[in-house]
Structure formats: C-alpha cells, structure tokens
**Student:** 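Here it is, the structure in full.
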2 protein chains.
Amino acid sequence: MEFDRNRSAGILASEIARLYAAALQGALHPLGLSRAQYLALSELWLEDGLTQRLLAERVGVEQATMANTLVRMERDGLIERKPNPDDGRSQQIWLTQAAHRLQAPATNAAAKANELVAEGLPVAERELFFSMLARVIANLRTIRSS
Amino acid sequence: MEFDRNRSAGILASEIARLYAAALQGALHPLGLSRAQYLALSELWLEDGLTQRLLAERVGVEQATMANTLVRMERDGLIERKPNPDDGRSQQIWLTQAAHRLQAPATNAAAKANELVAEGLPVAERELFFSMLARVIANLRTIRSS
DNA sequence: CAATATTACATAGCATGCTATATTAGTTAC
DNA sequence: GTAACTAATATAGCATGCTATGTAATATTG
C-alpha cells in the first residue's frame with residue numbers, strides 16, 4: 001500500500017537505487033561501459049595495479065562479485081592482470097589504454113546521472129540529504145558487523 | 001575515493017539498498033521467504049487475485065521480472081494461478097493458505113528491517129528523510145518517463 | 001469480417017549481487 | 001621443517017533485475 005511503502009526508507013532507497021542504476025547505465029552505455037565496470041574503473045583511475053581483494057573492498061562488494069566483474073572487464077579489454085611480485089596468490093589489476101581513454105567521458109557521464117538524483121531536491125537541502133544517507137549507511141554497517 | 005563517493009546520492013542510495021536487502025533477507029529467511037517474494041506478497045495480502053501485469057505495476061518491477069518471481073513463488077507453494085474468466089490471456093494470482101499464514105510473521109520481520117534503516121537517524125529527522133527520498137524518486141521518475 | 005494493432009504472459013540471455021566452497025600460496029606454531 | 005591456519009582467487013549455484021522477443025488472445029479499424 002502506498003502509505004506503508006512510503007514509510008519504509010529501505011524500499012524507498014531501493015527504488016532510488018534502481019532508478020539511479022538505470023540512469024547511470026543509460027549514460028554509460030554509449031561508451032560501452034556498464035555500471036559495475038564504471039565503479040571498478042573509478043577506483044582504478046585513482047590507483048592502478050590494485051589486487052582484486054583491495055579493489056573489492058574499495059568498491060564495497062564481495063570478492064566473488066568483483067571476480068565476476070573483472071572477468072567481464074578483461075573480456076571487454078578494460079584491464080589486464082599481471083602476477084604480483086610480492087605474493088604468488090594475488091595478481092595486480094592494470095588498466096589498458098582503452099580504459100584510460102574512457103576516464104574523462106565516463107566521469108562526465110556519471111556526473112550527469114548523479115546530478116539527476118541530486119536535482120530532485122533544492123540545493124539548500126542536498127548537504128543534509130547526503131549526511132542523512134551517510135548516517136543511515138553507517139548505522140546499518142555497524143549492525144551488520146556486530 | 002571517499003570524498004567523491006559521498007557526493008553521489010545515487011551510490012549512497014545503492015549502498016543503503018544493498019544493506020537493506022541483506023537485512024530484509026535475513027529477517028525473512030527463517031520464514032522461508034525471499035525479499036522479492038515478500039514484496040509481491042505484501043501487495044497480494046492487500047488484494048488477492050490480481051493479474052501478473054497489475055501485480056508487477058504495484059510492486060514496481062517489470063513484467064518479466066515478476067514472471068520469474070511468480071515461478072519461484074508457485075514452486076514454493078505461495079501462490080496458485082487460475083484462469084481469468086474475463087480474459088483468456090491473463091490469469092488471476094491467488095494466495096495459498098500457507099501464504100496467508102505468513103502475513104503476520106512476515107510483516108513483523110519486515111518492520112524490524114525497516115526499523116534498522118530508520119534508526120540511523122534521530123526521530124526528529126525521519127519524516128524529512130522520507131520526504132526527501134520521495135521527492136528524489138518523483139524527480140527520477142519524471143525524467144524516466146519523459 | 002478480415003487485417004492490424006495491442007495486450008498478457010513466457011522465455012532467452014545477460015549483468016550484478018550474494019553465500020558457500022575449492023584451490024593454491026603464504027604464514028605460524030610446534 | 002612439517003602441520004595447521006590464513007589469505008587471495010576462482011567457481012558453482014542461486015535470486016533479482018533488465019531488455020528483447022515470441023505467442024496467443026483480444027480489440028480496433030477499415
């Protein structure tokens with residue numbers, strides 16, 4: 001029922017996540033990128049040569065999820081894996097030239113999708129909204145890890 | 001990077017959606033229900049005998065997504081489908097006795113998951129948070145449909 | 001009324017997410 | 001130095017979500 005649904009911040013957030021995913025996917029599609037690929041790239045643009053485990057942590061997904069995303073990124077020519085000289089169990093993930101060239105256009109495309117979310121609120125409320133989202137996340141994380 | 005990430009309401013909302021999904025899934029698991037099943041049930045508890053199309057609209061997912069969810073719900077003995085006397089193309093979706101019996105416990109379990117999200121904010125801020133979420137959704141929806 | 005369009009549902013194919021588990025490589029403790 | 005633990009990946013299996021497309025039934029139109 002509408003009343004109850006609007007009382008559930010979880011369901012509302014899920015709805016935003018779905019709509020945002022669609023907007024981000026739509027903005028990235030002309031570049032041949034998917035949402036999960038973009039999120040991985042956005043960490044690798046900051047620091048290249050990470051291990052899978054570190055990358056998964058920074059993006060905030062499970063290792064198995066990142067492993068699958070990396071398979072698709074390797075298939076699509078976005079990354080290469082090289083042995084980690086310090087540890088035979090892990091590999092370093094390096095961006096290809098193609099991935100480097102996508103940084104500016106993909107960042108712009110994602111910024112547009114992010115703007116679509118923010119523009120639903122007057123500028124004066126946006127900082128508070130971010131802060132609320134962050135506090136809700138922090139609380140849910142403490143519960144998860146307790 | 002943390003700074004940039006916290007500037008994206010979309011990514012923050014996605015994070016809440018994931019954490020909420022995990023909490024809801026965890027709360028429903030002892031009842032043998034999944035999240036998507038619960039969302040479908042919560043509409044059918046309000047009105048039984050809906051068509052697939054109507055149910056998908058009310059839950060807010062695509063028809064194909066609901067079709068798959070209904071396959072799993074039928075498999076799990078939660079629903080039965082009967083021919084629609086008014087329209088040979090569609091079927092009516094009816095809850096089983098088992099599904100009716102789950103209404104109270106599942107509603108309680110979901111309420112607990114919802115409370116986990118809300119409790120990240122002081123009571124005084126919660127109404128505003130709901131209203132912000134709703135406004136962001138409304139804006140994203142107008143973009144989508146334009 | 002026959003041709004066409006629309007509607008309801010099913011299905012295929014894919015991307016993301018998860019948990020659980022196997023494998024392999026380091027590390028630690030006797 | 002070997003046995004046992006831990007850590008990094010890989011893989012299997014599943015649930016949800018999407019788009020695209022096929023099929024059958026109903027509605028509309030000329």
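The structure displayed is predicted, hence computed values, not measured ones. The sequence lines fix the lettering, A, B, ..., with proteins before strands; numbering per chain opens at 1.
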**Student:** Just to verify, which of A:Gln91, A:Arg58, A:Gln92, A:Glu57 counts as forming a side-chain contact (heavy atoms from CB on, under 4.5 Å) with A:Leu50?
**Tutor:**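 Going through A:Gln91, A:Arg58, A:Gln92, A:Glu57 one by one, the side-chain contact (heavy atoms from CB on, under 4.5 Å) with A:Leu50 is satisfied by A:Arg58 alone.
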**Student:** Got a list of side-chain donor-acceptor pairs under 3.5 Å for residues 27-38 of chain A, not counting sequence neighbours?
**Tutor:**
{"unit_1": "A:Ser34", "atom_1": "OG", "unit_2": "A:Gln37", "atom_2": "N", "d": "3.4"}
{"unit_1": "A:Gln37", "atom_1": "OE1", "unit_2": "A:Ser34", "atom_2": "N", "d": "3.3"}
{"unit_1": "A:Gln37", "atom_1": "NE2", "unit_2": "A:Asp76", "atom_2": "OD2", "d": "3.0"}

**Student:** Using the closest heavy atom to pick a nucleotide of DNA chain C for each, name whichever of A:Met66 or A:Gly88 lands nearer the 5' end.
**Tutor:**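 Closer to the 5' end of DNA chain C: A:Met66.
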**Student:** In whole angstroms, how far is the P atom of C:dC18 from the OH atom of B:Tyr20?
**Tutor:**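 After rounding, the reported distance stands at 17 Å.
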**Student:** Could you write nucleotides 2-11 of chain C as a row of B, S and -, 5' to 3', where a protein heavy atom under 4.0 Å of any base atom gives B, of only sugar-phosphate atoms gives S, and otherwise -?
**Tutor:** -----BSBBB
**Student:** If I take atom CG in residue A:Leu24 and atom P in nucleotide C:dA15, what distance separates them, rounded to the nearest angstrom?
**Tutor:**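 Result: 16 Å.
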**Student:** Kindly indicate whether the side chain of A:Leu95, heavy atoms from C-beta on, has any atom under 4.5 Å from the side chain of A:Asp48.
**Tutor:** yes
**Student:** Applying a 4.0 Å non-hydrogen cut-off, can you work out what B:Arg72 is touching in the nucleic acid: base, sugar-phosphate, or nothing?
**Tutor:**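 Counting heavy atoms under 4.0 Å across all strands, the contact made by B:Arg72 includes a base.
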**Student:** Within this structure, what is the CD-to-P distance between A:Gln25 and C:dC14, rounded to whole angstrom?
**Tutor:**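 Checked: the CD to P distance equals 15 Å.
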**Student:** Keeping the roles fixed (side chain from B:Ser90, backbone from B:Asn84), state whether a donor-acceptor pair exists under 3.5 Å.
**Tutor:**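 Side chain of B:Ser90 to backbone of B:Asn84: no pair is present.
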**Student:** What integer distance in Å separates A:His29:NE2 from C:dA15:C1'?
**Tutor:**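 Computing the A:His29:NE2 to C:dA15:C1' distance gives 12 Å.
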**Student:** Send over the distance from B:Arg35 CZ to D:dC14 P, rounded to a whole Å.
**Tutor:** 18 Å
**Student:** Measure from CZ on B:Arg18 to P on C:dT19 and round the result to the nearest Å.
**Tutor:** 11 Å
**Student:** Could you check how far CE of A:Met73 sits from P of D:dA10, rounded to whole Å?
**Tutor:** 14 Å
**Student:** When you measure from the side chain of B:Asn114 to the backbone N and O of A:Gly10, does any donor-acceptor pair fall under 3.5 Å?
**Tutor:**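 Pair absent, no side-chain N/O of B:Asn114 close to backbone of A:Gly10.
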**Student:** In this structure, how many angstroms lie between the P atom of D:dT9 and the CG atom of A:Leu50, rounded?
**Tutor:**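 Answer to the nearest Å: 10 Å.
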**Student:** Between B:Arg18 and B:Ser14, is the side chain to side chain donor-acceptor pair (under 3.5 Å) condition met? List the steps.
**Tutor:** CA-CA 6 Å; B:Arg18 267 202 328 237; B:Ser14 305; over 6 Å; no
